[in-house]
Q: 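I'd like to ask some things about the structure below.
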Amino acid sequence: MIATTLIQWFSAAGRVLPWRQTRDPYRILVSEVMLQQTQVERVVPKYHAFLAQFPDIDTLADAPTSAIITAWQGLGYNRRALYLQKTAQTVRDQYAGVFPRDVAVLRTLPGLGPYTAGAIACFAYEQDVAFMDVNIRRVAVRLWSDPQATIPADQALVTTLATHIPAGQGWAFNQAIMELGATICIAKTPQCPRCPVRAACADYAGRRAADEQLQPIPVRVLKKVAEKPAQPFIGSNRYFRGRIIDLLRVVPGNGGMHQSALHAAVVALGEPIEPAAFDSIVTKLASDGLVVRDGEHVQLPQ
DNA sequence: AAAACGGGGGT
DNA sequence: ACCCCAGTTTT
Ligand code: SF4
């Protein structure tokens, strides 16, 4: 049975990560939101620092938003920091401080999509639910879909995953399959000879069969998640957004800056931008809730 | 369905 | 300079 083999392999070879040592839903929430589009190695130190500063969900709900945005430095996708606090406030205000455990309810919380809602239900409450991130999806495609056919839709893959979860072992199964995708069944060069479930893998079997016919075919590589922008990062919209938030983070007491001074400080970093274009970026940041504007004064939200 | 959203580290 | 990487929201 594939699942049992995976779980045994994970038990012996899985990495020890801080969020694998707890079932506290708040800590799982923080870890899962941080891990969205962000590598494990980068999250680990931020996770510890964040929990030291915001040790429980009420502390996070009550904290100045500027402090949370500042604590988010280095993680990127700063709106996640806003969603995290909104989720904390929603749990406090709408759920009487009791963290929801139902996937459908979790899915309604800000910043929690299908992956994160399932991950919290599973990793905090040990529910036998199926969900996919990019690693689980890649392993599911290679293990259980016909290499000659088109890749199944996500809903079909989740259904297949659900059938493989051994009753009562959802936590271990999902950790194991995610770990396999992160460490062995990697995107371009899977380490199949080291894979614990290679004997049951459709993709590996297909490649070996092709080898015997002297017609080697490449490992199934999934389509890239997103195209890279043709424009270089320096001078991009994202670049300026990042520089603006970085500058506002280090103003003592979140005192903010006059927009003209902020513009000058950004330009001083080396990349020119017209005041009108700069203003539209600040406007977008304000509509995102990442900055607050009062006349010409700009600061992080208190 | 497509675009927007960050940044660090490796090559 | 270019590549990769534990998704979600907005348009
Ligand atoms: S045998 Fe290879 S392709 Fe199949 S699951 Fe294992 S690492 Fe992935």
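Per chain, numbering begins at 1; letters A, B, ... match sequence-line order. Source: prediction; values computed, not measured.
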Q: Between side-chain atoms of residues 95-105 of chain A and protein atoms elsewhere (two or more places apart, or another chain), which donor-acceptor pairs fall under 3.5 Å?
A:
from, atom 1, to, atom 2, distance (Å)
A:Asp102, OD2, A:Ala104, N, 3.0
A:Asp102, OD2, A:Val105, N, 3.3

Q: Starting from P on C:dT9, measure out to CD on A:Gln37 and report it in whole angstrom.
A: 13 Å
Q: Students often get this wrong, so: under 4.0 angstrom with heavy atoms, is A:Leu75 touching a base, only sugar-phosphate, or nothing?
A: base
Q: Could you check whether atom CG of A:Asp93 has more than 12 heavy atoms from other residues, nucleotides or ligands sitting under 6.0 Å from it?
A: yes
Q: Whole Å only: how far is the CZ atom of A:Arg241 from the P atom of B:dG7?
A: 10 Å
Q: State the pairing partner of C:dA1; accept Watson-Crick or G-U wobble contacts with both distances under 3.5 Å, and report none otherwise.
A: B:dT11
Q: Without decimals, in angstroms, what is the distance between A:Lys86 NZ and C:dT9 P?
A: 11 Å
Q: Scan A:Tyr83 against the nucleic acid and name what it touches under 4.0 Å (heavy atoms): base, sugar-phosphate only, or nothing.
A: sugar-phosphate
Q: Could you give me the CA-CA distance, side-chain angles and deciding distance for A:Asp62 and A:Arg92, then say whether side chain to side chain contact (heavy atoms under 4.5 Å, CB included) is met?
A: CA-CA 10 Å; A:Asp62 294 337; A:Arg92 181 192 59 193; 2.5 Å; yes
Q: Would you kindly say whether A:Ser66 and A:Gln299 are connected by a side-chain donor-acceptor distance under 3.5 Å?
A: no
Q: Rounded to whole angstrom units, what separation is found between the CG atom of A:Leu247 and the C1' atom of B:dG6?
A: 15 Å
Q: From the set C:dA6, C:dC4, B:dG6, return the single nucleotide nearest to any side-chain atom of A:Lys188.
A: C:dC4
Q: Could you tell me whether the phosphate oxygens of C:dA6, OP1 or OP2, come under 4.0 Å of any side-chain nitrogen or oxygen in A:Arg80?
A: no
Q: Find the distance A:Ile69:CD1 to B:dG7:C1' and express it as a whole number of Å.
A: 16 Å
Q: Rounded to whole Å, please give me the gap between CD in A:Gln36 and C1' in C:dG7.
A: 5 Å
Q: Using distance alone, with no hydrogens and no angle criterion, decide if A:Thr65 and A:Gln302 have a side-chain donor and acceptor under 3.5 Å apart.
A: no
Q: Checking contacts here: which listed nucleotide (C:dC5, B:dG7, C:dG7) is nearest the side-chain heavy atoms of A:Phe233?
A: B:dG7
Q: Expected output is a numbered-order residue list: members of residues 22-35 of chain A with a heavy atom under 4.0 Å from any atom of DNA chain B. What is it?
A: none
Q: For the aromatic rings, using the six-membered ring if either is Trp, is the centroid distance between A:Phe131 and A:Phe123 under 6.0 Å?
A: yes
Q: Hey, which sits more toward the 5' end of DNA chain C by its nearest nucleotide, A:Pro110 or A:Asp133?
A: A:Asp133
Q: Which nucleotide in the list B:dG6, C:dT8, C:dC5 gets nearest to the side chain of A:Thr38?
A: B:dG6
Q: Under 4.0 Å, counting only non-hydrogen atoms across every strand here, what does A:Ile186 touch: a base, just sugar-phosphate, or nothing?
A: nothing
Q: For A:Trp72, report the nucleic acid contact type (base, sugar-phosphate, nothing); a contact means any heavy atom under 4.0 Å.
A: nothing
Q: Indicate, with a heavy-atom threshold strictly under 4.0 Å, whether A:Asn78 touches base, sugar-phosphate, or nothing.
A: sugar-phosphate
Q: Please tell me whether A:Glu32 and A:Tyr115 have a donor and an acceptor in their side chains that are separated by less than 3.5 angstrom.
A: yes
Q: Base, sugar-phosphate, or nothing: which does A:Ala119 touch, judged by heavy atoms less than 4.0 Å apart?
A: nothing
Q: Measuring only the P atom in each nucleotide, how far is C:dT11 from B:dG6? A whole number of Å is fine.
A: 14 Å
Q: Ion pair present between A:Asp279 and A:Arg293, side-chain N to carboxylate O less than 4.0 angstrom?
A: yes
Q: Give the rounded distance in Å between these two atoms: CZ of A:Arg137 and P of C:dC5.
A: 13 Å
Q: Is it true that the side chains of A:Thr38 and A:Arg80 contain a donor and an acceptor less than 3.5 Å apart?
A: yes
Q: Out of B:dA4, C:dG7, B:dG7, which has the shortest distance to the side chain of A:Asp246?
A: B:dG7
Q: Between B:dG10 and C:dA6, how far is it from one P atom to the other, in whole Å?
A: 15 Å
Q: Take A:Asp288 and A:Arg15, find for each the nucleotide of DNA chain C with the closest heavy atom, and name the residue whose nucleotide sits nearer the 5' end.
A: A:Arg15
Q: If you count heavy atoms of other groups shown closer than 6.0 angstrom to CD of A:Glu274, is the number above 12?
A: no
Q: Between A:Arg137 and A:Asp133, does any NZ, NE, NH1 or NH2 come within less than 4.0 Å of an OD or OE carboxylate oxygen?
A: no
Q: Would you tabulate the pairs of protein nitrogen or oxygen atoms and nucleotide nitrogen or oxygen atoms of nucleotides 8-11 of chain B closer than 3.5 angstrom?
A:
from, atom 1, to, atom 2, distance (Å)
B:dG8, N2, A:Gln39, NE2, 3.0

